[in-house]
Amino acid sequence: MTARFNHTIIAATDREESAAFFRDIFELADAPSWGVFTNLLCEDGVLLQFAEPPVDIQRQHYAFLVDDELFDRAYRRLCEREIEHWADPHFQQPGEINDGHGGRGVYFLDPAGHGIEMITRPYL
């Protein structure tokens with residue numbers, strides 16, 4: 001077997017709130033949770049583990065590749081909830097999406113302040 005990405009821990013100020021945000025926006029499945037983790041499962045088997053570390057949270061960047069249908073639904077939810085979003089990672093084009101790499105993309109922040117990118121076409 002080659003190396004494959006399996007899971008990551010996403011620092012949260014409120015792990016339940018952050019998990020609910022990702023579950024709702026990306027339509028992710030609940031996964032069994034344990035200890036300090038609230039877990040969600042991505043379609044490709046990657047586990048997202050939300051935890052509340054006892055340190056200041058540094059902004060991270062997480063990019064999600066979605067199909068056009070999920071992009072439409074998720075983007076509609078962002079707009080309905082009036083979640084700020086941008087067409088670019090430098091937050092210079094508010095309220096817009098981009099058409100980079102032959103698809104569509106958008107940037108927004110999760111409840112803990114992490115930069116989230118949603119794209120419909122991979123970079124490579």
Side-chain angles (χ1 to χ4, degrees):
M1 172 193 289
T2 60
R4 294 188 304 174
F5 191 70
N6 180 261
H7 68 276
T8 191
I9 297 170
I10 299 176
T13 52
D14 179 326
R15 66 186 179 147
E16 296 296 334
E17 177 187 28
S18 287
F21 179 84
F22 279 78
R23 182 186 308 110
D24 184 47
I25 296 297
F26 293 111
E27 301 175 3
L28 298 176
D30 286 319
S33 296
W34 58 82
V36 299
F37 301 112
T38 299
N39 299 323
L40 296 177
L41 188 63
C42 297
E43 182 177 308
D44 56 3
V46 171
L47 189 65
L48 301 181
Q49 298 185 281
F50 298 88
E52 300 166 9
V55 297
D56 289 335
I57 296 174
Q58 300 298 310
R59 178 180 288 174
Q60 299 293 314
H61 175 82
Y62 299 97
F64 290 82
L65 178 63
V66 301
D67 63 26
D68 287 306
E69 292 77 21
L70 178 53
F71 186 95
D72 291 339
R73 293 190 306 272
Y75 185 69
R76 186 170 43 252
R77 285 189 283 273
L78 292 174
C79 292
E80 288 170 354
R81 290 166 177 80
E82 298 180 353
I83 295 171
E84 285 188 281
H85 58 278
W86 301 265
D88 66 299
H90 304 290
F91 310 128
Q92 300 299 307
Q93 299 171 341
E96 299 179 31
I97 63 173
N98 67 60
D99 60 0
H101 303 279
R104 294 178 292 162
V106 66
Y107 297 82
F108 52 98
L109 301 177
D110 81 346
H114 297 300
I116 309 301
E117 179 180 6
M118 180 171 59
I119 56 175
T120 61
R121 300 293 179 276
Y123 290 161
L124 299 177

Query - Interatomic distance, R73 atom CZ to D67 atom CG [nearest 0.5 angstrom] - result: 6.5 Å
Requested in this report: Tell me whether I97 is reachable from F91 by hopping between hydrophobic residues (I, L, V, M, F, W, Y) whose side-chain heavy atoms are closer than 4.5 Å.
Outcome: no
Query raised in the report: Would you find a donor on one side and an acceptor on the other, under 3.5 Å apart, between the side chain of T13 and the backbone of A112?
Result: no
**Report entry** Residue pair D68, R121: steps toward the side-chain contact (heavy atoms from CB on, under 4.5 Å) verdict
**Finding:** CA-CA 9 Å; D68 287 306; R121 300 293 179 276; 3.3 Å; yes
Query raised in the report: What's the spacing between L109 CG and I116 CD1 if we round to 0.5 Å?
Result: 8.0 Å
Query - Distance in Å, F22 CZ paired with F64 CZ, rounded so as to fall on 0.5 Å steps - result: 5.0 Å
Query raised in the report: Just by modelled atom types, is the F50 backbone N or O under 3.5 Å from a matching donor or acceptor in the R15 side chain?
Result: no
Report summary line: Here the gap from L78 atom CG to M118 atom CE, rounded to the nearest 0.5 Å, amounts to 5.5 Å
Query raised in the report: With hydrophobic residues grouped by side-chain heavy-atom distances under 4.5 Å, do L48 and L41 end up in a single group?
Result: no
**Report entry** Step-by-step side-chain contact (heavy atoms from CB on, under 4.5 Å) determination, I25 to F108
**Finding:** CA-CA 11 Å; I25 296 297; F108 52 98; 4.1 Å; yes
Query raised in the report: If you group Ile, Leu, Val, Met, Phe, Trp and Tyr by side-chain heavy-atom gaps below 4.5 Å, do W34 and V36 land in one group?
Result: yes
Requested in this report: Examine I119 and L28 and state if one hydrophobic cluster contains both, with Ile, Leu, Val, Met, Phe, Trp and Tyr joined whenever side-chain heavy atoms are less than 4.5 Å apart.
Outcome: no
Query raised in the report: Hey, is the main chain of L40 close enough, under 3.5 Å, to the side chain of R23 for a donor-acceptor pair?
Result: no
Query - Minimum-distance pair of heavy atoms, taken over all atoms of N39 and S33 - result: N-OG, 2.9 Å
Requested in this report: Might you point out which heavy atoms bring A19 and T38 nearest each other, and give the distance in Å?
Outcome: CB-CG2, 3.6 Å
Requested in this report: Taking all heavy atoms of R77 and all of L70, pick out the closest pair and write down the distance.
Outcome: NH2-CD1, 3.9 Å
Query - Neighbour count above 12 (heavy atom, 6.0 Å) for E117 CD - result: yes
Query raised in the report: Has the side chain of R104 got a donor or acceptor atom that lies under 3.5 Å from a matching backbone atom of F71?
Result: no
Query - Non-hydrogen atoms of L65 and T120 that approach each other most closely - result: CD1-C, 3.6 Å
**Report entry** Under the side chain to side chain contact (heavy atoms under 4.5 Å, CB included) test, residues paired with E82 that sit two or more places apart
**Finding:** none
Query raised in the report: Are Y107 and W86 close enough that their ring centers fall under 6.0 Å?
Result: no
Query - Spacing of CD belonging to Q93 relative to NE2 belonging to H85, to within rounding of 0.5 Å - result: 11.5 Å
Requested in this report: Using atom types as modelled and distance alone, determine if a side-chain donor or acceptor of H114 lies under 3.5 Å from a backbone N or O of A11.
Outcome: yes
Query raised in the report: CG/N98 to CG/D88 distance, rounded to the nearest 0.5 angstrom?
Result: 8.0 Å
Query - Exercise: identify the closest heavy-atom pair between Y75 and G95 - result: OH-O, 3.7 Å
Query raised in the report: Which heavy atom of H101 sits nearest a heavy atom of P122, and at what distance?
Result: CB-O, 4.1 Å
**Report entry** H90, NE2 atom: more than 12 neighbouring heavy atoms under 6.0 Å
**Finding:** no
Query raised in the report: Side-chain heavy atoms under 4.5 angstrom apart, residues restricted to Ile, Leu, Val, Met, Phe, Trp, Tyr: same cluster for F26 and Y62?
Result: yes
